[in-house]
Amino acid sequence: MKKIGVITSGGDAPGMNAALRAVVRNGIYKGIGIYAFQHGFQGLINKKFSPMQRGSVADIIQRGGTILQTARCEEFKTKEGRTKAAENLKELGISGLVIIGGDGSFRGGELIQKEHGIEVVGVPATIDNDIGGTDFCIGFDTAVNTVIDAVNKIRDTATSHERIFVVEIMGRERGFLALYAGLAAGAESILIPERPTSLKDICDKLEHGFKRGKKHSIIMVAEGVGGDFYTNRDLRKTPAFALSEAISDKLGHETRVIVLGHLQRGGAPSARDRILASRMGASAVDLLCEGKSGLMIGMVHEEMKATPLGEALAQEPQINEEILQLSHILSL
Ligand code: F6P
């Protein structure tokens, strides 16, 4: 393996730059040419690339986002698009590709390997933390910290006005970010798609809290939740607004909503994410240099572990029951 391409793909995540830096620096250390392509898979198709030097990734470990930019690429979902991308890589003599991104990006990587023999290793980077084969994805820890910083500020005004705040959290169809951030922020209730909760249960818990003197309540709602308060899935209302109205109608208590949105995708990566990203990015290059590919690098019980892409993608990461139960007990 003499030349490796690298892209960042899908939704950006804090720590992607740290992973890119490790791919470049470890690749150069091993005498490999590293070619970074802009805008994810689109850059492969449009042949938008830069040969990387050590200096190319200077002063980026602390930066959120991705200096390569990223995108979701419809063209790459076509055979023609993947063929064009593969032809460009082969023309440049690039036989390996590191994909820093989420599950959708890895599915594209699996296809270009199967159809064109490009040797792919995936580096999981998504704040949703919804990828099998790894305990944590790059960006998740930073996003949890971003949420708790925001909730700390919300608590000040919630206490001043004795209000209920409904905080909507990203995570697409999964509740990992809401669950971990909820436990860390000490939320009174955490609503996740994996555990539908009734409005009655939510309101009973709120009343229990107020009876014992709570001055405010924070309810974390993952953006993908359903429930009896959100059956009509009125697209003008997000789950948080639907729940806020339902609680206010039922309890007559002042409620407010905050949708944290893309705030959760930004910010300087935490130390944990920088270390995770550096280990994963460097390990991806090691695997390719050892002639191993069609893999995703993950961290399992603090150790780097390679899993076949198909196997990782087929896994349905489970909610940690202990964390879920603990978050309930500690919020009573
Ligand atoms: O997958 C990461 C994520 O932030 C999800 O949590 C969220 O639902 C989605 O991306 C938002 O996508 P976009 O950035 O395209 O609006």
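Remember, it's 1-based here, ligands and their atoms both numbered in the order they're listed. Every value quoted in this text rests on a predicted model; they were computed, and no experiment measured them.
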- Got a sec: does the NZ of Lys214 have more than 12 other heavy atoms crowding it under 6.0 Å? yes

- At what distance is the nearest protein heavy atom to atom 16 (O) of ligand 1, and which residue and atom is it? His262 NE2, 3.1 Å

- Pair Lys47 + Glu91, salt bridge at N-O below 4.0 Å: yes

- For Arg72, take its heavy atoms, then give the atoms of ligand 1 lying under 4.0 Å from any of them. 10 (O), 12 (O), 13 (P), 14 (O), 15 (O)

- For atom 6 (O) of ligand 1, which of Asp128, Ile169, Asn129 has the closest heavy atom? Asp128

- With side chains defined as the heavy atoms from C-beta onward, is the minimum distance between Leu97 and Val6 less than 4.5 Å? no

- Query: So between Arg174, Arg265, Arg172, Glu223, whose heavy atom ends up nearest atom 8 (O) of ligand 1?
  - Reply: Glu223

- Message: Here's one to test your reading of the geometry: is the NZ or CZ of Arg54 within 45 degrees of the ring axis of Tyr29 and under 6.0 Å from its centre?
- Response: no

- Which of the ligand 1 atoms, numbered from 1, are nearer than 4.0 Å to a heavy atom of Gly171: 6 (O)

- Cationic N near anionic O, under 4.0 Å, Glu188 to Lys205: no

